[in-house]
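Input: a single structure, listed below in structure tokens.
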Amino acid sequence: MYTLDELKVFVHKCRRCSLCKSRTNVVFGEGNAKAAIMFVGEGPGFYEDKSGRPFVGRAGKLLDKMLGAVGFKREEVYITNIVKCRPPNNRNPYEEESEKCLDFLRWQVKIIDPSIIVCLGAVSARNLIDKDFRITQQRGVWYTKGKFNMIATYHPAALLRDETKKIDAWKDLRSIRKKYDEIMNNKI
Ligand code: URA
């Protein structure tokens, strides 16, 4: 079994799809390598591509606030994306790009072995929960996939575009915190 650092070296050399041609940096993901909870976004944006770190732009700042509001520190969770290289002009990743990159996310999940996986937005949920996932209808619902508890909530960028969605996102976050506490209490 690889370590996350070994996998990272491998992913940094990836040329499996054409996103490698326009990237500045590969954005592998970051956080606690033993996190009980992982947050998975869609793909790096402008600032993530420049810095090589996930969720550092405006949406990232909001994600930090959302996590903080329910008592999670960024360092205690793990944050990554479906695709590790920025799609040009922040378009959604194409299916073949996501498919090729999902191998890396599978390895990350295997190594980290979280109990909870939170999909941030529809692109993430369609890749990880159900290919026809409807974010407005299915967000906030818990799914069990193998040994993982999975849930999707709105992508923070969607909350920046439409503040009215924040009420539901807040409900989802409290549900996520509750599940996390239940799981952690059962582990002791
Ligand atoms: N949006 C995402 O989906 N991921 C990031 O890392 C940043 C913005």
Side-chain angles (χ1 to χ4, degrees), residues 4 7-8 11-12 14 17-20 22-33 35 37-69 72-109 112 114 116-131 133-136 138-140 150-163 165-166 168-169 172-173 176:
L4 272 185
L7 180 65
K8 186 173 179 176
V11 176
H12 273 237
C14 179
C17 81
S18 60
L19 295 182
C20 70
S22 49
R23 75 184 175 215
T24 313
N25 284 294
V26 173
V27 181
F28 179 72
E30 67 182 24
N32 178 359
I37 184 165
M38 275 178 86
F39 290 83
V40 182
E42 177 178 318
F46 178 84
Y47 292 101
E48 292 77 22
D49 175 66
K50 291 281 170 251
S51 65
R53 298 181 56 213
F55 282 100
V56 291
R58 263 185 86 213
K61 300 272 172 294
L62 179 56
L63 178 63
D64 288 347
K65 269 199 204 163
M66 290 159 65
L67 295 178
F72 287 125
K73 292 195 198 79
R74 212 175 145 108
E75 318 80 76
E76 85 185 289
V77 307
Y78 196 88
I79 302 174
T80 189
N81 285 301
I82 296 290
V83 292
K84 312 304 194 212
C85 298
R86 182 188 182 210
N89 304 316
N90 296 349
R91 65 159 168 77
N92 286 353
Y94 298 141
E95 217 172 289
E96 71 262 24
E97 293 162 350
S98 303
E99 261 170 35
K100 286 180 179 159
C101 218
L102 273 175
D103 268 352
F104 301 140
L105 181 60
R106 288 195 192 97
W107 273 107
Q108 287 175 303
V109 170
I112 297 165
I116 299 173
I117 299 175
V118 180
C119 299
L120 297 170
V123 169
S124 175
R126 285 183 189 143
N127 276 285
L128 300 185
I129 300 177
D130 166 7
K131 67 176 183 23
F133 199 90
R134 313 281 308 165
I135 194 79
T136 46
Q138 291 174 267
R139 50 139 281 280
M150 306 191 62
I151 191 170
T153 189
Y154 289 120
H155 192 290
L159 303 178
L160 290 171
R161 286 192 297 268
D162 178 2
E163 292 237 333
K165 291 192 163 87
K166 284 189 176 173
D168 283 336
D172 300 342
L173 281 166
I176 291 163

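First listed ligand is number 1; within each ligand, the first listed atom is number 1.
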Residue G41 vicinity, atoms of ligand 1 by number, heavy atom under 4.0 Å: 3 (O)
Suppose we measure from [atom] to each protein heavy atom; which comes out shortest, and what is that distance?
{"atom": "atom 4 (N) of ligand 1", "answer": "N81 OD1, 2.8 Å"}
{"atom": "atom 2 (C) of ligand 1", "answer": "G43 O, 3.1 Å"}
{"atom": "atom 1 (N) of ligand 1", "answer": "H155 NE2, 3.2 Å"}

Name of the residue among L63, L62, V27 meeting side chain to side chain contact (heavy atoms under 4.5 Å, CB included) with F55: L63
F133 six-ring centre to K131 NZ/CZ under 6.0 Å and within 45° of normal: no
Results of salt bridge (Lys or Arg N to Asp or Glu O under 4.0 Å) for K166 - residues two or more places apart only: E163
Can you find an N/O atom of [X] closer than 3.5 Å to an N/O atom of ligand 1?
{"X": "G45", "result": "no"}
{"X": "E48", "result": "no"}
{"X": "P44", "result": "no"}

Distance-only polar pair, side chains of K8 and Q108, donor-acceptor under 3.5 Å: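 Their side chains do not contain a donor-acceptor pair, so the 3.5 Å distance test is not met.
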Chi angles and distances behind the side chain to side chain contact (heavy atoms under 4.5 Å, CB included) call for F39, I117: CA-CA 6 Å; F39 290 83; I117 299 175; over 6 Å; no
Under 3.5 Å: donor-acceptor pair, side chain of N25, backbone of D49: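 Side chain of N25 to backbone of D49: a pair is present.
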